[in-house]
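One structure is given here, and the rest of the page talks about it.
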Amino acid sequence: MSARSEFSLIQHYFEQLTPQREDVLLGIGDDCALLQCPADHVVAVSIDTLVEGIHFFPDVDSEKLGHKSLAVGLSDLAAMGAKPAWFTLALTLPEVNNNWLKGFSSGLAKLAKQHNIQLVGGDTTRGPLTISIQVHGFVESQKALQRSGAQVGDMIYVTGSLGDAGAALQLQLQQWDDENLDNEDRLYLSQRLEQPTPRLSVGQNLLGLANAAIDISDGLLADLGHIVEKSGVGARLDLAKLPISAALSKINRTTAQQFALQSGDDYELCFTVSPQHFAEIEKQFKGLCTRIGMITDDKGIYFIDDNDNLIELTGAGYDHFSG
Ligand code: ADP
Ligand code: MG
């Protein structure tokens with residue numbers, strides 16, 4: 001992009017967009033930003049890229065896209081228990097479309113304000129529409145939640161409900177439908193896909209309570225799979241306990257469970273808690289999270305189905321759902 005149009009675009013849309021924080025010694029406008037990390041904390045860093053046609057539909061509302069682009073990074077910070085501080089934005093645009101930029105920057109700004117995270121720099125280039133956001137947050141040294149901390153005997157919890165975003169995606173792709181879903185349900189599901197809610201306060205409040213955590217971007221089985229693998233343990237899930245939204249409760253139960261286990265993009269948290277902290281969790285996060293199973297010492301993920309059968313979640317287990 002020509003230096004001039006890049007400069008005015010950044011100035012117009014991005015320079016004053018987000019909260020101005022005191023720990024930003026120098027923000028947008030120089031070769032680097034200069035940032036101050038508080039004493040006794042470390043910086044948690046994560047980057048995500050969204051590519052048009054792969055991670056979002058070309059016709060998606062740009063304000064929602066602005067929200068989601070930042071939400072996925074914030075969800076990574078939440079999973080570590082980190083507090084958001086700064087982000088950078090690499091934007092590749094096919095053209096300067098002011099309407100699009102207005103929506104995108106406003107979706108971004110609203111979520112940034114909500115979590116007091118400041119845009120401190122980025123890069124702007126011309127090409128196929130691609131959005132990369134790198135987020136930075138603080139967490140007390142040695143305190144961050146990691147995938148590797150699960151212990152045998154921990155209870156497994158998840159926030160919110162699972163499977164909504166996956167169902168919305170299938171609806172939008174017209175690969176699946178259910179006549180029991182009314183317009184309100186459909187709206188709810190598409191919001192869950194397009195404007196996920198990163199669980200930052202839950203994540204921060206889990207510090208010192210949870211042994212392991214991850215955010216669910218690829219589906220519960222895949223992401224819980226990362227926890228058990230990194231922790232060298234196994235998991236047993238109680239299918240009847242999977243949190244299903246009111247909307248998905250209207251569809252075929254097996255299909256709803258399948259979405260909850262296997263579909264991604266929900267950006268809920270999955271975490272494990274040792275017995276000494278069960279009571280505290282149930283009290284502090286009442287209504288916010290659900291106990292769905294426990295960590296065991298037999299490697300792999302098993303589940304108890306509706307008939308109280310214990311099934312391993314490999315080949316046959318998956319077949320159980322594909323029927
Ligand atoms: P350089 O050529 O030194 O890389 P640029 O001309 O790319 O600098 O950027 C000028 C300033 O604008 C830098 O501070 C950079 O971080 C910021 N910037 C560029 N693009 C964006 C963007 N999409 N969002 C926020 N800041 C941006
Ligand atoms: Mg540059």
Side-chain angles (χ1 to χ4, degrees), residues 1-38 41-78 82-138 194-196 198 200 217 267:
M1 200 160 297
S2 84
R4 188 183 176 144
S5 64
E6 179 185 353
F7 180 74
S8 56
L9 181 154
I10 295 161
Q11 246 191 351
H12 185 76
Y13 289 104
F14 296 115
E15 211 168 286
Q16 300 297 323
L17 187 67
T18 55
Q20 307 290 301
R21 294 172 54 102
E22 290 194 344
D23 51 16
V24 176
L25 310 180
L26 188 62
I28 292 173
D30 212 312
D31 291 313
C32 293
L34 299 174
L35 309 167
Q36 184 76 57
C37 179
H41 286 66
V42 294
V43 182
V45 180
S46 173
I47 187 164
D48 281 288
T49 298
L50 302 183
V51 179
E52 180 181 68
I54 296 178
H55 303 99
F56 57 90
F57 293 107
D59 62 353
V60 74
D61 177 64
S62 67
E63 184 165 351
K64 292 177 180 166
L65 188 60
H67 173 106
K68 184 159 181 175
S69 304
L70 181 58
V72 298
L74 289 173
S75 176
D76 286 323
L77 293 180
K83 202 169 183 178
W86 319 300
F87 70 104
T88 54
L89 165 68
L91 255 187
T92 305
L93 302 170
E95 59 183 344
V96 176
N97 175 336
N98 284 298
N99 252 340
W100 188 93
L101 278 162
K102 211 169 138 191
F104 179 80
S105 56
S106 119
L108 201 62
K110 279 185 199 156
L111 189 63
K113 191 171 171 199
Q114 215 177 313
H115 296 288
N116 193 28
I117 187 169
Q118 181 173 346
L119 177 60
V120 296
D123 195 21
T124 310
T125 51
R126 199 180 282 272
L129 182 58
T130 305
I131 303 144
S132 277
I133 287 187
Q134 183 165 44
V135 292
H136 308 73
F138 307 140
E194 291 172 351
Q195 294 175 286
L200 287 147
S217 52
Y267 298 101

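Only this structure's heavy atoms are used, side chains among them; waters, hydrogens and symmetry mates stay out. Order of listing sets the numbers, starting from 1, for every ligand and every atom in it.
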CD/E22: more than 12 non-hydrogen atoms of other groups inside 6.0 Å: no

All salt bridge (charged side-chain N to carboxylate O under 4.0 Å, His left out) counterparts of D23, not counting sequence neighbours: R21

Contacting atoms of ligand 1, where contact means under 4.0 angstrom from a heavy atom of D123: 7 (O), 19 (C), 20 (N), 21 (C), 22 (C), 23 (N)

Partner of E63 under side-chain hydrogen bond (donor to acceptor under 3.5 Å, both in side chains), chosen from K110, K102, Q195: K110

Distance-only N or O hit between ligand 1 and G122, under 3.5 Å: yes

Heavy-atom closest contact (A112 atom, P19 atom, distance): O-CG, 3.8 Å

For D31, atoms of ligand 1 separated by under 4.0 Å from a heavy atom: 3 (O)

Distance-only N or O hit between ligand 1 and G29, under 3.5 Å: yes

Contact summary for P198 and S75, nearest pair of heavy atoms: CB-N, 3.7 Å

Pairs flagged by ring pair (Phe, Tyr, Trp, His ring centres under 6.0 Å) wherever residues 113-138 is involved - sequence neighbours left out: W86-F138

Nearest-option assignment for atom 24 (N) of ligand 1, heavy atoms, candidates D30, L89, L108: L89

Location of contacts on T88 toward ligand 1, heavy atoms closer than 4.0 Å: neither

Heavy-atom proximity to atom 23 (N) of ligand 1, best of T18, T92, T124: T124

